[in-house]
Protein chains: 2
Amino acid sequence: MARKHITPGKIRLAEVAKLAGVSPITASRFFRNPDALSAGKRARVESAAKELGYVPNLAARALASQRTEVVGVLIPSLTNNVFADVLRGIYDALDGSRYSIQLANTRYSILQEERLLRLFLAQKPAGLIITGINQTADSRRIMETVDCPIVQIMEVGPSPIDMMIGFSHFDAAKAAIAHLLAQGNRRIGFLGARMDPRVQRRLDGYRAAMTEAALFDPQLIVTTAIPTSVTLGGTLFADLLAKTPDIDAVFCVNDDLALGALFECKRRHMAVPEQMAIVGFNDLEFMASSEPTLSSVRTNRYEMGRNAAMMVIATLEGRRPAEPIVDLGFSVMERQSSARRS
Amino acid sequence: MARKHITPGKIRLAEVAKLAGVSPITASRFFRNPDALSAGKRARVESAAKELGYVPNLAARALASQRTEVVGVLIPSLTNNVFADVLRGIYDALDGSRYSIQLANTRYSILQEERLLRLFLAQKPAGLIITGINQTADSRRIMETVDCPIVQIMEVGPSPIDMMIGFSHFDAAKAAIAHLLAQGNRRIGFLGARMDPRVQRRLDGYRAAMTEAALFDPQLIVTTAIPTSVTLGGTLFADLLAKTPDIDAVFCVNDDLALGALFECKRRHMAVPEQMAIVGFNDLEFMASSEPTLSSVRTNRYEMGRNAAMMVIATLEGRRPAEPIVDLGFSVMERQSSARRS
DNA sequence: CAATCGCTTGGTAGCGCTGTCAATATCGGT
DNA sequence: ACCGATATTGACAGCGCTACCAAGCGATTG
């Protein structure tokens, strides 16, 4: 005999089947496809499982069936509030379903992402949710050959690997600048941190809007690769002011930077929006309750996560969404910080 | 024959073993305990695995070995920045190790927690990290009988289930109040939201400090079960002012509330700290760069997560920490918002 | 009334890996 | 040169579940 202790009290599917008076395979079917059983057996298996407190062994199930019920989620940051909202949506959508979540943090590195991707796929996940549309060529090839639903989130673009949900960061930034221009601002600065691909596209949107208005000036742009923070917002804003003291507005690629810029304005006794208009990005909760309230570009992060997870589930259940690309849009929340100066 | 397609190209341990000219079990040992192999075989297996691009089947491994290399993490919220930092610490500590993380969100419900706990334990995790010291009696019993390292995080208290890392929320709140008293404040309000067990203990600390100073007045306390937010901070602060207009300071159970209170002060043209001192809790990044800078109680969240994960790993590797309870302490960050009025 | 059909159910044989234990190789000490 | 001890290695069986196929069965049909 190979195994020493056979743990006599352990409840396996066989025990449930015996108590219910059916074969193990019938009991197995009860858990995966109860409709295939007759009502009588179904009830018998159900009560037997409950009585014995049966808990299926997921490893055995995965081994025998060659698949798991894990949805892998690859996001670049755990700290960023933006992803917290997305994650909440994903968890909410998958909560109560048969699927569980395996989360991995790519730290904004597509090489790290590729490594984690390989790790995930070794586990034969039921589905995959991955951030953005910029993956390594190898990552893309791997994902294209894998047979599970994959949803790219956070932005939309051409040629999805499988499915895609997000919005256009380019258009969103452009709309924010259009709003600032409409309010009469001319020298509009740009504050960017971490400069990941999506932030880069916001910069592109800014550049396009400014160029169209014949107001583009590279001196107006301050960016850094440093991760974002409120403190950094203040620092970058100070840098911008040092370079171009004549700016009348600033567009920040996220709300943390915007809040930092606001505080820096206060420290300098610079009135917002009278002397300096500010617009952020993401519309985190605090933007609506600061003093003055801060304008921002609202993005539907929770819905993005929720829908991405629902798209995965739907595909797994054979109800694949008709449209593989979902654009959730955005809206420019116009608040006090960018109100037209009276 | 039971299986139809035997997927001829698939790389199993047997293929690696054959190429390396060893038995499968020897190849298996290479992955779990390479030191047990002779140098020659080790090299042969290693190169064979690399050549074939072997990826171990985790399900088979888990089934055969009756355990996994997954560390379960139970936290009450994904949105709360506090847990983002803890999680970052956990991921950092486990990154590069053989262990992976399974994350679950209890939504501040100990019943939900118990349900998720059962789900986790069915997967025979290598270890468990769970938030707080208030679990259901059933949860506790289950965990006490389970044979894997368990670390309770976020606070310390008597009788850990296994190990524990955190700090005393009671003492931390008491220290914050002591600071406010030392700055000459007398009517110190209390703002609390979500009132989970740890927040409750902060309230206890507040009450103790105020009672010792013979300044306790229940009218000074405003709490709600609503989840916290900056906006809520403003609202609660307004409620508090309506009840007790004579307060000279306010202690907020977290930094979001403190920021909301600060903005509300600004809206009311109430000078901080001259007319109103403010102290928050957690010392999130923005507290140091607001205008005025906000005092807070710094807690070592990243280290908490990191150390918790390291305690799990150490235990799994037979290097169990000598001291099962680790108190990471806290420090009161005294900033402009609570500076003594001149 | 036999042939056919669809629905349920069960038997068999692994999924890929590792625990146990036995067998063999190696080694130092006397 | 012999002995026991230690380091390596391999054989075997089975972890708990499910894929596949086939069989049973009552109902339907020409």
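Side-chain atoms are counted along with the backbone in the values below, which use heavy atoms only and exclude waters and symmetry mates. Letters go in sequence order (proteins before strands), and every chain restarts at 1.
Between the C1' atom of C:dA25 and the CG atom of B:Leu37 lies a distance of 15 Å, rounded to the nearest Å. For the pair A:Arg67 CZ and D:dT18 C1', the computed distance is 9 Å after rounding to whole Å. Going from atom CG of B:Leu63 over to atom P of D:dC15 covers 9 Å, rounded to whole Å. Taking atom CD of residue B:Glu69 and atom C1' of nucleotide C:dC17, one finds them 13 Å apart after rounding to whole Å. Going from atom CZ of B:Arg12 over to atom P of C:dT18 covers 13 Å, rounded to whole Å. Rounded to whole angstrom, the span from the CD atom of B:Gln123 across to the C1' atom of D:dG16 amounts to 15 Å. Rounded to an integer number of Å, the gap from NZ of A:Lys124 to P of C:dG16 is 8 Å.
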Enumerate, atom names and distances included, each donor-acceptor pair closer than 3.5 Å involving a side-chain atom of residues 47-59 of chain B, sequence neighbours excluded.
from: B:Ser47; atom 1: OG; to: B:Arg44; atom 2: O; distance (Å): 3.2
from: B:Asn57; atom 1: OD1; to: B:Ala59; atom 2: N; distance (Å): 2.9
from: B:Asn57; atom 1: OD1; to: B:Ala60; atom 2: N; distance (Å): 2.9

Output a table of donor-acceptor pairs, distance under 3.5 Å, between side-chain atoms of residues 123-134 of chain B and any protein atom two or more places apart or on a different chain; print 'none' if there are none.
from: B:Thr131; atom 1: OG1; to: B:Leu74; atom 2: O; distance (Å): 2.8
from: B:Asn134; atom 1: OD1; to: B:Arg201; atom 2: NH2; distance (Å): 2.6

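In terms of modelled atom types and a separation under 3.5 Å, the side chain of A:Asp85 and the main chain of A:Tyr302 share no donor-acceptor contact.
Taking every heavy atom of residues 18-34 of chain A and every atom of DNA chain C, pairs under 4.0 Å involve A:Val22, A:Ser23, A:Ile25, A:Thr26, A:Arg29, by number. If you check residues 38-48 of chain A against DNA chain C, the residues with a heavy atom closer than 4.0 Å are A:Ser38, A:Lys41, listed by number.
Shown here are the side chain to side chain donor-acceptor pair (under 3.5 Å) partners of A:Asp162, two or more places apart in sequence or in another chain: A:Arg320.
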task: Check the pair B:Met310, B:Ile165 against side chain to side chain contact (heavy atoms under 4.5 Å, CB included), reporting the backbone distance first and the verdict last.
output: CA-CA 11 Å; B:Met310 279 165 34; B:Ile165 183 163; over 6 Å; no

query: For B:Tyr91 and A:Leu103, what are the C-alpha separation, side-chain angles and deciding distance, and is it a side chain to side chain contact (heavy atoms under 4.5 Å, CB included)?
result: CA-CA 10 Å; B:Tyr91 273 83; A:Leu103 182 66; 3.5 Å; yes

- prompt: For B:Gln102 and B:Val73, what are the C-alpha separation, side-chain angles and deciding distance, and is it a side chain to side chain contact (heavy atoms under 4.5 Å, CB included)?
  reply: CA-CA 6 Å; B:Gln102 183 96 36; B:Val73 178; over 6 Å; no

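Between A:Gln66 and C:dG16 there is a side-chain polar atom (N or O) within less than 4.0 angstrom of OP1 or OP2. Here A:Tyr54 does not reach the OP1 or OP2 of D:dG16: none of its side-chain N or O atoms lies under 4.0 Å away. OP1 or OP2 of C:dG19 has not a single side-chain nitrogen or oxygen of B:Arg61 nearer than 4.0 Å.
Within 6.0 Å of CZ on B:Arg140 lie more than 12 heavy atoms contributed by other residues, nucleotides or ligands. Annotation: A:Arg107, atom CZ; neighbour count of heavy atoms from other residues, nucleotides and ligands within 6.0 Å is above 12.
Axis angle between the ends of the helix from C:dC1-D:dG30 to C:dT30-D:dA1, five pairs each and rounded to 10 degrees, works out to 30°.
Nearest heavy atom pair, residue A:Glu114 against residue A:Thr136, reads OE1-OG1, 2.6 Å. In terms of heavy atoms, A:Gly305 sits closest to A:Ile90 at O-CG1, 3.4 Å.
Using a 4.0 Å heavy-atom criterion, one finds that A:Ala36 contacts the sugar-phosphate atoms exclusively.
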